[in-house]
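Quick note: residue numbers are just sequence positions, from 1. Any value given below was found using the heavy atoms of this structure, including those in side chains, with hydrogens, waters and symmetry copies removed.
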Amino acid sequence: MITENVITHKILEKLLQQDEDLQLEYKTENEKRSDIAECIAAMANSAGGFIIFGVEDPPEGQLPPQILGVSNIKKMIDRVHGAAKDCNPSLSSYVLVQSLAWKQKTLVVTKIHN
């Protein structure tokens, strides 16, 4: 179960300084729901992690990533929650989703607890 109920700007800043790995994924808002579900399941079955939507995947080692933002925040949050429910068994109780303003854009940050 989720032990923390908020993702802070400080956490987001640290994440955006890292390359993707098993515990961090950058995604645009156009990601397919099935791909989101696959990523959630993989993280929930390992060490947990974060998916940040509204960020373009940077070439390896070229940080920080490009911030694109999310234009329809409610739709993105609903899609992430739907993807968590699509997992078998449902992983809804392991997923925290929230929006955060970052550099005049809005990102949707998902924390997956293992």
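- The line from NZ of K103 to CD1 of I67 is 7.0 Å long, rounded to the nearest 0.5 Å.
- The CD atom of Q66 sits 7.5 Å away from the NZ atom of K105 when rounded to the nearest 0.5 Å.
- When side chains are defined from C-beta on, I52 counts as touching L24, because their heavy atoms get closer than 4.5 Å.
- You'll find the side chain of L100 reaches within 4.5 Å of the side chain of H9, heavy atoms only.
- S99 approaches I73 most closely through the heavy-atom pair CB-CG2, 3.6 Å.
- S34 has its side chain out of reach of D86: every pair of non-hydrogen atoms, C-beta onward, lies at least 4.5 Å apart.
- The two atoms that bring V80 and I40 nearest to each other are O-CD1, 4.0 Å, heavy atoms only.
- For the pair F50/M43, no side-chain contact is recorded, criterion being any heavy-atom separation below 4.5 Å from C-beta on.
- Of all the heavy atoms in L12 and W102, the pair that sits closest is CD2-CE3, 3.7 Å.
- Interatomic distance, CG of D35 versus CG of N30, reported as 12.0 Å (0.5 Å rounding).
- In this structure, the separation between CG on D57 and NZ on K27 is 7.5 Å, given to the nearest 0.5 Å.
- Across every non-hydrogen atom of C87 and A37, the tightest pair is SG-O, 3.5 Å.
- Placement of L68 and V55 in two distinct hydrophobic clusters is found when ILVMFWY residues are connected by side-chain heavy-atom separations under 4.5 Å, directly or transitively.
- Counting heavy-atom neighbours within 6.0 Å of L22 CG, excluding the residue itself, gives a total of 12 or less.
- We find the CD-NZ distance between Q23 and K111 to be 10.5 Å, quoted to the nearest 0.5 Å.
- Listed for the E20 side chain is a donor-acceptor partner under 3.5 Å among the backbone atoms of Y26.
- Closest approach of A47 to N114, counting heavy atoms only: CA-ND2, 3.6 Å.
- Taking 4.5 Å as the limit, some side-chain heavy atom of M76 sits within range of a side-chain heavy atom of I36.
- Shown here is Q18, whose CD atom has more than 12 heavy atoms of other residues, nucleotides or ligands within 6.0 Å.
- To the nearest 0.5 angstrom, Q17 atom CD is 9.5 Å from L15 atom CG.
- Across E29 and N72, no two heavy atoms sit closer than the pair OE1-N, 3.7 Å.
- Side chains of K85 and S90 form a contact here, defined as non-hydrogen atoms less than 4.5 Å apart.
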Are H81 and V97 close enough, and set up right, to give a side-chain contact (heavy atoms from CB on, under 4.5 Å), and what steps lead you there?
-> CA-CA 8 Å; H81 283 298; V97 185; 3.9 Å; yes

